[in-house]
Amino acid sequence: MKQKYSVKGMTCSACENHVYNSVCKLPGVNNVEVNLLTNSMNVDYDESKVSDTLIIKAVNDGGYQASLFDESLVDNDDLSDLKKRLIYCFIALALLMYVSMSSMFNYPIPAFIRKNSYINFALQTIFLIPILILKKDYFINGFKNLIHLDPTMDSLIALGSGAAIIYSFYSLVLSLTGSMMEEHLVHNIYLESAGMIVTLISFGKYLEAKSKKKTTDAISRLLELAPDVACRVNDGNEEIVKISELKINDRVLVKANETIPVDGKIIQGFSSVDESMITGESLPVEKDVASLVIGGTNNLQGSFIYEVTKTVEDSTLAKIIELVEEASSSKAPMTRMIDRVVKYFVPTVIIIAIITLVYWLIAGMGLNFAITNAIAVLVISCPCALGLATPVAIMVSTGVGATNGILIKSASVLENENNIDVVVFDKTGTLTQGKVQVRDVYSNSLANEEVIKIIASLEKGSSHILADAFIQKAEELNIELIETDKFESLSGLGIKGTVLNQEYLVGNLRMIKENKIDFSDYQDKIDSFVAQGKTLVFLASENKLIGLVSIFDEIKQTSKQAIERLKEMKIKTVMLTGDLKTSANAINQQLGLDEVIAEVLPQDKENVIKKLQSQGNSVMMVGDGINDAPALVRSDVGVAIGKGNDIAIDAADVILMKDDMRDIVSSIELSKKTILNIKENLFWAFIYNIIGIPIAAGVFYHLLGLRLDAMIGSLCMSLSSVCVVSNALRLKRFKPYYKKENKKMKKELKIEGMMCQMCKKHVEEALNNLADTSAVVDLEANNAIVETTLDDSVLKAAVEKAGYKVVEINNV
């Protein structure tokens, strides 16, 4: 069973490790994921061995507060409460500092306070108490974890400020017993240092929390997409219900400018829908009867009724949120080293502080000097910066990816993508549109209509992508299909069945050869079609070829652009297809991939990936069908087209929500920027501690007279975490490369359907209304000369939306 919990009280990665270890050691716990950023924990456990109560108790015993996660109970006021407490701390600190500095500065203060060290001490104690009460968690958790021999950052704060308080009271005892002169007492009080340490660290924690909140903005925006209610239609009556009450097959009315509640299929009406918040696609999408709609997207115009196909729990939006949260919670392999460092970091710092104290005492610098240096070591050390270096970058990047229609399933995927040197593409539906159409029909014994009739009748029982093409062709020719018997699908080859008591085979050349069917009479025609890069479907009966059909599938306009960009990045590109080599090579002449691997059966695709990996390559596989699933799993990174089959999506590591091959490049670029950002964060976190701790310990005191005040150290410690989080937030500025490139291109669009000046006006308006685009339409030449930064597909969509057809686009 998997369960999610809220965990409060964690302040650093050592706390995160402490919670992780507390739950991990319970019998029956299989896996634990603790997320410092979202203050949550996911536990996979055996219900027969452990319960929610025991898990929560283990966390609470460790000094933290755990409870079952409930979205409706999430405290959105944590930040404001933190701010309120911080303001009270600063007020108390200001009064504390005013009193403590009275002996050094001649500002207005009663003489009895300035001249009487004991009254001065008492007032400082009074003003320190509110700070200690407001921030008591530092001391409770810090000392509790210290007793359990599992110290955290809270332990460092508690020891540092606690030592300052204890030393101050020790000085008071010395003064009261006569071992120290009263006038020296004021110089041995460090209560203001204790208050300053706690307050400045709290200030840093507030800034850190504020910055961390920005890293979860992507998830927050996704959660806000879905409306709370929907208009359900039942027997012509409309009722407003919560979206959680919607069931499959319910009918929902969506009006103009409303948000679609859950996924479904339109059964009445038509509209234009903005899906950019889910897919990243900037242009609205036209929707008609039978069109699918996604929950959380915006209906721009018109109204329609649709039938619910997925409940709110299973909707596309819910899956996206789940994927982003899981990716944010996961840890990249490189964090294992950081976790090991953090595990020993705090105990090491405590040992260094003790060594510092002992050394300066032996060196004869006095208890005052020794203890202040030891305190400085404790408060300047920052395990937070180390612990936050990786998770904040991962959370920001997965959120940014989601807002651009790129769903990344885990942190390890980001790390693996950074190393990709080979990208393997499936052809049909990936590099091509996946909308196969019949082009040529040839037979030396049957009429063309008869060939289509037989093949379409057989394909009616098939789920293959080619089936729709033949059935559609039969509908165009008004051909009535015939019932078939003994239908059988031959994996990777074709289909077999009986039509009017005659057995037929429909499939590829491999099937024809394996069944030893004579095709010599068709050889010249086959060679001609193959030379043109056409894919062939063969119809055979009684060991004889009786029909030949060529089919075509248009190449996606973004495929070539993606391949060109990958080659610029020195990444090898490969096409993997079941087509004939000659056909595949003819298609590749348009695409320019580095290698074509053709005539591969679906079950052999995985072996191709394995072979490439055995050659030392890190391989990304891109596909969209059921037969791609094994290859997607085998590859180092599997990428599925979001509009593809659910099995392929489940098998993939990265999901592209829109059908744009350029997002493969964007995914790799985002990965590279994320890994670079993590390395920058780790560098600064390590450098900060490597430089800060020796200075605080007084290593350079004899040589340069350099030492660090504990208050300055506590401020530096706080700001180090803020710097790491702020650096990670730079990833929010990431944009897909094709959205950043602003170089205008001059293009000629050849357009069909323009008949008059009004047509010309409509096309010009459609193009000139696009961003960064200017167009001039020539009615006589039936073309438009366009200067734009936009992609061809955007231009084509704008013209076709105006009611005209773009037949060709050329660069001028």
Side-chain angles (χ1 to χ4, degrees), residues 409 413 416-432 434 436 464-466 489-494 507-511 513-514 530 533 535-536 553 555-556 559-560 562-563 566-567 569-641 644-645 647-656 661 664-665 667-668:
K409 285 191 174 180
V413 173
N416 290 340
E417 275 195 277
N418 184 55
N419 302 317
I420 291 298
D421 50 25
V422 176
V423 177
V424 178
F425 295 92
D426 171 52
K427 181 180 76 73
T428 306
T430 303
L431 292 172
T432 63
V436 182
H464 195 275
I465 192 170
L466 299 181
S489 178
L490 308 172
S491 179
L493 299 173
N508 56 27
L509 185 60
R510 186 193 293 267
M511 184 194 71
K513 288 180 177 179
E514 286 190 7
V530 168
T535 300
L536 300 180
D553 184 6
I555 293 170
K556 292 176 185 172
S559 294
K560 187 173 182 180
I563 290 162
L566 288 169
K567 291 171 89 169
M569 296 167 69
K570 309 299 181 188
I571 295 175
K572 182 180 178 181
T573 54
V574 179
M575 182 201 297
L576 188 58
T577 178
D579 284 359
L580 294 172
K581 287 182 181 178
T582 46
S583 298
N585 288 328
I587 292 170
N588 191 40
Q589 287 178 5
Q590 303 175 57
L591 292 170
L593 291 108
D594 296 312
E595 186 180 353
V596 174
I597 303 174
E599 300 181 27
V600 180
L601 291 173
Q603 58 267 32
D604 293 333
K605 287 186 176 182
E606 181 187 4
N607 293 329
V608 173
I609 302 297
K610 197 186 297 184
K611 183 179 178 182
L612 287 168
Q613 290 172 325
S614 68
Q615 296 168 357
N617 297 306
S618 184
V619 182
M620 173 184 279
M621 172 70 192
V622 187
D624 75 328
I626 293 174
N627 57 17
D628 297 322
L632 290 171
V633 173
R634 168 62 60 183
S635 61
D636 296 283
V637 177
V639 180
I641 311 301
N645 186 279
I647 296 176
I649 292 171
D650 290 341
D653 302 303
V654 178
I655 300 165
L656 306 183
M661 289 299 97
I664 294 165
V665 180
S667 178
I668 294 173

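This structure is a prediction, so every number in the text was calculated from the model and none was measured. In what follows, residues are counted from 1 in the order of the sequence shown.
Once rounded to the nearest 0.5 Å, the distance linking OG of S635 with CG of N416 reads 9.5 Å. Separation of atoms CE (M575) and OG1 (T430) is listed at 10.5 Å; rounding is to 0.5 Å. For the atom pair CG (N508) and CG (L536), the distance works out to 10.0 Å, reported to the nearest 0.5 Å. Here L509 contributes atom CG and E514 contributes atom CD; the two are 10.5 Å apart, rounded to the nearest 0.5 Å. Atom CD1 in I563 sits 11.0 Å away from atom CD in Q590 (nearest 0.5 Å).
By the side chain to side chain contact (heavy atoms under 4.5 Å, CB included) test, N418 pairs with S671, K672, I675, sequence neighbours left out. Here S667 pairs with I406, E417, V654 under the side chain to side chain contact (heavy atoms under 4.5 Å, CB included) rule; sequence neighbours left out.
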TODO: Starting from the C-alpha separation in whole Å, work towards a yes-or-no answer on side-chain contact (heavy atoms from CB on, under 4.5 Å) for L431 and T577.
DONE: CA-CA 11 Å; L431 292 172; T577 178; over 6 Å; no
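Using a 4.5 Å heavy-atom cutoff, the side chains of I668 and L566 are in contact. Residues D426 and M621 form a side-chain contact, since some pair of their non-hydrogen atoms from C-beta on lies under 4.5 Å apart.
N588 places no side-chain N or O within 3.5 Å of a backbone atom of L591 that could act as its donor or acceptor partner. Looking at K409, its side chain does come within 3.5 Å of a backbone N or O of A652 through a donor-acceptor pair. T573 places a side-chain N or O within donor-acceptor distance of the main-chain N or O of D594, the cut-off being under 3.5 Å. Under a 3.5 Å cut-off, the side chain of N585 and the backbone N or O of K581 do form a donor-acceptor pair. At distances below 3.5 Å, not a single donor-acceptor pair connects side-chain atoms of K427 with backbone N or O atoms of I587.
The environment of K567 atom NZ is dense: over 12 non-hydrogen atoms of other residues, nucleotides or ligands sit within 6.0 angstrom.
For S559 against M661, the heavy-atom pair with the smallest separation is OG-CG, 3.5 Å.
For the side-chain hydrogen bond (donor to acceptor under 3.5 Å, both in side chains) condition, the pairs that include at least one residue of residues 610-621, sequence neighbours left out, are Q613-D636.
When each of D421, L612, V574 is checked for a side-chain contact (heavy atoms from CB on, under 4.5 Å) with V619, only L612 meets the rule.
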